[in-house]
Number of protein chains: 2
Amino acid sequence: MREDLQLLYELVSDDLAAGDPAAAAHRCAKMEPSDVADLFRSMESDDKIAIVRHLDAPTAAAILSEVDDRSLPELFELLRDEEIVDLLDTLPSDDAADIVGQLEDDHQDRVVGMLEQVDQQDAAELTELLRYPEDTAGGVMAKEYVSIREDQQVGAALPELRAMPDSELADLHFAFVVLADGTLVGRIPLLKMLLSDPTCPARDIMEEEPVAVNVLEDQERVAHLISDYNLMSVPVVDAAGKLVGRVTVDDAIDVLTEEATEDVARLAGSSAEEVGETSILRISRARLPWLLLGLFGQILAAVVLSRYEDSLRTWEVLVFFIPMVMATGGNTGIQTSTIVIRLLVTHEFDTRRAGRHLMRELGVNSLIGVLLGGVMVAVLAFWKKDLRVGVVIGVAITSVVLISATVGSMVPLILHRFRIDPTIATGPFITTVNDILGIAVYMALAHWLMTVL
Amino acid sequence: MREDLQLLYELVSDDLAAGDPAAAAHRCAKMEPSDVADLFRSMESDDKIAIVRHLDAPTAAAILSEVDDRSLPELFELLRDEEIVDLLDTLPSDDAADIVGQLEDDHQDRVVGMLEQVDQQDAAELTELLRYPEDTAGGVMAKEYVSIREDQQVGAALPELRAMPDSELADLHFAFVVLADGTLVGRIPLLKMLLSDPTCPARDIMEEEPVAVNVLEDQERVAHLISDYNLMSVPVVDAAGKLVGRVTVDDAIDVLTEEATEDVARLAGSSAEEVGETSILRISRARLPWLLLGLFGQILAAVVLSRYEDSLRTWEVLVFFIPMVMATGGNTGIQTSTIVIRLLVTHEFDTRRAGRHLMRELGVNSLIGVLLGGVMVAVLAFWKKDLRVGVVIGVAITSVVLISATVGSMVPLILHRFRIDPTIATGPFITTVNDILGIAVYMALAHWLMTVL
């Protein structure tokens, strides 16, 4: 939360505490909608509803479209159906669809039915948008776009533009050019269109074959396309190439942020669903699979150690460095895997250079391994006055760094090669594999070196 | 790399292999600049230069502004100064400043001097932009904006707009309204301006007090502002409130992506500088501090274990579960800390609810701890036919989960409270603390339980 807003937040709280939601609403109306949405996070539902009811529909709608999806349903349960319809009528179609999509099925039908009586076109658009899966271009697109037939004069679009409120104008960038049957064939920057001779046919000034996405395209691919090509908005077409909507850059930012959260949560061995989740059971369910995997992996490590029971009894000092061997392997595995995964996720990784990347990791980790191993030889020579133990631990650390680096950099690349999302297999997975390998190598090496040295 | 571009890439490579850079350049000119930049990643410098020399300056400039900053200097070393000046002359000012900022100081002076002879205004703008630190609003802003005095008629801006090429028009959204001394006082959506009566004074249709940022504001705060408020572009002002530039949403996306990479790299115990870095020495230097911290932390763990030498000799089975105790604590610490850090970084965390968050984590981890502990009691009852060892390991796992969860969720919050970036202290740091605490608690508990049971 930004500190510069703290004061405003306190004033709103004071109004509410004084039983004056109208004053609180008045303050909220002057703030940016996303700041009010921030404020809503730490408010009771009753207070939020009281504020929403004291705002005009467009302001309330703008605020609610910034509130995160998880807390919307409880709010909408408290609103009357007519109030919901009023809000939907003023919202952009994509935000309206997001909100209605959160309601129970029968509640959805009731609300869409009522909206039909007020605004048939809005209701039809909403019904269409609700049909597309949430994580596709269709699920994030809006129906508010300007289109013009290729044989029309560009001046034909002027009345439509003039009728739009400022807030909608600020979100428009292109007029999409279509054939009589709705097939997308071009685009014209709206500024260029307004600066051109109004009698000029659209086809004469349009850019042909604009970048477009299919309505069922994955939302992440759409977001990366918008980000890579620096687009302000991208037209969405159906299987026949007909224009059905558009996705704007601010939707792309939301998708990219959501995706980064998902990736970070997965690296930690959880899932993005838990972010913002309040149910202890559901959070535990998201984390448990990875923890159990780790637990069973470590049973294997226990089995490996029990195989070397005699060596551990003879050379007790080996026990003390089990944590070090494991931790160093674990840290190395996470460093190498996280960097590869980030490069893969942001499409900055050129798979044709995978060999070169692996060689570089081996170089880096040979250097690091030898350095860390050397440090341990020196430390143990001083601490235990025992060069033999020092050499054993030093060699073990060097080997474990190299093995963990290889596992850490190869596993994500192999998964990527087989088109499996590499984020799924990291953090806990690679750490567990490295722990078991690390313990096995440590014990085998130590047993052998203690015998021959 | 997107597969649909694979074929194009192969054709370009074939052209180059056949010694026909003109044909390769011809193909590149028809591709999206960011796709060509992708292709450049796996090309030799000589080939890149050959292609750039066969392209017209605007196309070459558009491609080079998409190439990542790290590989630009080597390219520019190979170009003649006149070629560089040609490119700079067609680039938007922010991209030009990014490129020139990568050159050696004397090379910078030489190029800016030559540009001055071609285009004095461009050179002055470039010199101004080079003055601002790279990671501030000034460092990412562009000088290409439309401004109008509040007492001017909106029609006065038309000739300037008409003179602009399509590519620049596509990036414009607002006319910024200023006083005679340059102080920012309002903004008008350009579409609205073009739809209005040209004789209307700017002040009559402007939105007053637009959101603006100071030229020295941190680029991450600017990016979050653009993303939170769904802005297409934000005006940049100096300390006196005078308009000096604007930052657009595509710059914000780049900053947010860069920042997410930095956060992920830090969680892994490295730094974003290593992403794309090719020097083995520099990569090692980014990773070594955390690995050394881990190593010295584990020396402490070794000291703790050596204190319990007698217990470990008496109850050998305790040794086998050292990896499990460490790994479970490590995984729990990463899960809890990563989620808090992500919420803090994306400004979704309401610090007034910190207490509630901590209670929830304790709830989740009590459940998880008891469950994992129970699993181990059952596993050991079967495997070792020894309920006592099962209880010892089970209780240890439960305790370690609770302790690690507390450390994992509190440390980032405490750092945040003291305004230290919480990403700095995670991954390796929290894991190391948890390893030492975990080993200490495990040994103390085990020693006590084995004695009393």
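Order of the sequence lines sets the chain letters (A, B, ...), proteins ahead of strands, with each chain counted from 1. Values reported hereafter were calculated over all heavy atoms of this structure, with side chains retained and with hydrogens, waters and symmetry mates removed.
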Rounded to the nearest 0.5 Å, what's the gap from [atom1] on [X] to [atom2] on [Y]? Could you check?
X: A:L231; Y: B:S34; atom1: CG; atom2: OG; value: 8.5 Å
X: B:R285; Y: A:I368; atom1: CZ; atom2: CD1; value: 12.0 Å
X: A:F296; Y: B:M376; atom1: CZ; atom2: CE; value: 8.0 Å
X: B:R162; Y: A:L195; atom1: CZ; atom2: CG; value: 5.5 Å

Atom group of A:E316 that falls short of 4.5 Å from chain B, counting heavy atoms: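 Interface part for A:E316: side chain.
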
So which part of [X] gets closer than 4.5 Å to some heavy atom of chain A, the side chain, the backbone, both or neither?
X: B:E207; value: neither
X: B:V375; value: side chain
X: B:S366; value: neither
X: B:L344; value: neither
X: B:N365; value: side chain
X: B:L367; value: side chain
X: B:V401; value: neither

Shortest non-hydrogen contact from [X] toward [Y]:
X: A:A302; Y: B:F321; result: CB-CE2, 3.9 Å
X: A:S284; Y: B:V364; result: OG-CG1, 3.5 Å
X: A:Q298; Y: B:P323; result: OE1-CB, 3.5 Å
X: B:V211; Y: A:E32; result: CG2-OE2, 3.5 Å
X: A:E66; Y: B:D228; result: OE1-O, 3.7 Å

For chain A, which of B:S306, B:G363, B:A37 has the most heavy-atom pairs under 4.5 Å?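 With the most close heavy-atom pairs to chain A, the winner is B:S306.
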
With a 4.5 Å cut-off on heavy-atom pairs, point out which of B:I436, B:I299, B:D251, B:T332 contacts chain A the most.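 Result: the option with the highest number of such pairs is B:I299.
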
Kindly write out the residues that satisfy side chain to side chain donor-acceptor pair (under 3.5 Å) with B:N434, not counting sequence neighbours, or none if the list is empty.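 Applying side chain to side chain donor-acceptor pair (under 3.5 Å) to B:N434 gives none.
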
Test item: [X] and [Y] side chains (from C-beta on) under 4.5 Å apart, heavy atoms:
X: B:V304; Y: A:F320; result: no
X: B:I322; Y: A:V319; result: yes
X: A:D250; Y: B:V249; result: no
X: B:I341; Y: A:V264; result: no
X: B:I253; Y: A:S227; result: yes

Output the option from [options] having the highest count of non-hydrogen pairs under 4.5 Å with chain B.
options: A:G294, A:P33, A:P189, A:A327; value: A:A327
options: A:L194, A:T328, A:I283, A:V303; value: A:L194
options: A:A260, A:A301, A:A252; value: A:A260
options: A:L292, A:L312, A:L291, A:V325; value: A:L291
options: A:H357, A:K192, A:M164; value: A:K192
options: A:L256, A:T257, A:I439, A:D435; value: A:T257

Derivation of the side chain to side chain contact (heavy atoms under 4.5 Å, CB included) call for B:H173 and A:M232: CA-CA 10 Å; B:H173 315 93; A:M232 290 296 150; 3.6 Å; yes

Kindly indicate, with the supporting measurements, whether the criterion side chain to side chain contact (heavy atoms under 4.5 Å, CB included) is fulfilled by A:V379 and B:L295. CA-CA 11 Å; A:V379 166; B:L295 204 70; over 6 Å; no

Would you indicate whether A:R282, at its atom CZ, is surrounded by more than 12 heavy atoms from other residues, nucleotides or ligands within a distance under 6.0 Å?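 Result for CZ/A:R282: open.
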
Holding to salt bridge (charged side-chain N to carboxylate O under 4.0 Å, His left out), I want the full list of residues that pass it with B:R287, two or more places apart in sequence or in another chain.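 With sequence neighbours excluded, B:R287 shows a salt bridge (charged side-chain N to carboxylate O under 4.0 Å, His left out) to A:E361, B:E274, given in chain and number order.
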
Would A:T431 and B:I334 count as a side chain to side chain contact (heavy atoms under 4.5 Å, CB included) if you check the C-alpha gap in whole Å, the side-chain angles of each, and the deciding distance to 0.1 Å? CA-CA 12 Å; A:T431 308; B:I334 290 188; over 6 Å; no

